[in-house]
2 protein chains.
Amino acid sequence: MGLTKTEFFTESQNKTAMLLKALGHPARVAIIEHLLKVRTCICGDLVNELPLAQATVSQHLKELKSAGIIKGSVEGAAVCYCLDESAFEVLAAYFSGVISGVKSQKSNCC
Amino acid sequence: MGLTKTEFFTESQNKTAMLLKALGHPARVAIIEHLLKVRTCICGDLVNELPLAQATVSQHLKELKSAGIIKGSVEGAAVCYCLDESAFEVLAAYFSGVISGVKSQKSNCC
DNA sequence: AAATTTAATCGTAATATTGCAATCATACGA
DNA sequence: TCGTATGATTGCAATATTACGATTAAATTT
């Protein structure tokens, strides 16, 4: 075990969980917030910004990128990273959908 | 290692990451979506609904509850669970903030 | 009281994540 | 071309997560 049984959940549930899991680490939240401030940056900038080694930052960037949360384009020797707006639109829509669903419920709890 | 360095991130970053991590599993997304449909349910309902054993479902419920995403109230021998609206309001506000931040940036990427 | 229902907890196994040092690969400048 | 800058990858150790069977505990039913 230790293996998530993704095959028994819907495509949508797996996709949503995958996005949220990718953001479910303070270092990756910090990367997002730094990109909100500076729009674009390279890995080295984040290594200076975060209390983590270069290998660790690179790994977090890889996870964010493979989840579709950031984009990276090669810029000479460096790689330029920026936010992928579409992922956040999906998540914002998801949560506003949840909220309107909750609000449409009669009472709050049992 | 294998230990997240939460002490080096802000309170807000840790809190956001904690909420997102709690939702970053398809079973827990499925639990949220089921609660959206039925408003309240007990653990046994979810055991019938999900392809997971009772102990596993109970563990997922515990994680959601300790993150503040669901509430549970004892109802005789059973425990009645429902969504905690406030957590979703925090997250919806977070993502709409991210989106307006991204939109205020000049160009999309480098 | 005994049996049943409900779900939390314990113990364990398998796998995933986090973090880092070291190394590797690529692009650029001297 | 040789050195330098940048960052991805590899290999490893420590810890966390996922899942489940078995057990436990509490409330309800018979």
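What's counted below: heavy atoms across the whole structure, side chains too, no hydrogens, waters or symmetry copies. None of these values were measured; they are calculated from a predicted model. Labels below follow one simple rule: chain letters A, B, ... track the order of the sequence lines, proteins then strands, and each chain is numbered from 1.
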Salt bridge (charged side-chain N to carboxylate O under 4.0 Å, His left out) pairs touching residues 8-24 of chain A, sequence neighbours excluded, are none
Excluding sequence neighbours, so at least two apart, what forms side chain to side chain donor-acceptor pair (under 3.5 Å) with A:T4? B:H25
Assign each of B:T4 and A:L3 to its nearest nucleotide of DNA chain D by heavy atoms, then name whichever residue's nucleotide is nearer the 5' end. B:T4
Reckon B:E75 touches a base, only the sugar-phosphate, or nothing at all at heavy-atom distances under 4.0 Å? nothing
Rounding to a whole Å, what distance do you find between B:L52:CG and D:dA19:P? 5 Å
So, is B:H60 near the phosphate of D:dA19, with a side-chain N or O under 4.0 Å from OP1 or OP2? yes
Results of side chain to side chain donor-acceptor pair (under 3.5 Å) for A:E89 - residues two or more places apart only: B:K103
With sequence neighbours excluded, residues passing side chain to side chain donor-acceptor pair (under 3.5 Å) with A:D84: A:S86
The criterion is side chain to side chain contact (heavy atoms under 4.5 Å, CB included); which residues satisfy it with A:A17, sequence neighbours excluded? B:P26, B:V29
For residues 30-37 of chain B, tabulate all N or O donor-acceptor pairs below 3.5 Å that involve a side-chain atom, not counting sequence neighbours.
unit_1, atom_1, unit_2, atom_2, d
B:E33, OE1, A:Q13, NE2, 3.0
B:E33, OE2, A:Y94, OH, 2.9

Please list all pairs meeting salt bridge (charged side-chain N to carboxylate O under 4.0 Å, His left out) that have one or both residues in residues 41-63 of chain A, counting only residues at least two apart or in different chains. A:R28-A:E63
Hey, are the side chains of A:C43 and A:V79 touching, using non-hydrogen atoms and a 4.5 Å cut-off? no
Near-strand residues of residues 7-37 of chain B, defined as heavy-atom separation under 4.0 angstrom from DNA chain D: B:K21, B:H25, B:R28
Whether each nucleotide of nucleotides 5-11 of chain D has a protein heavy atom under 4.0 Å at its base (B), only at its sugar-phosphate (S) or at neither (-) is summarised, 5' to 3', as -SBBB--
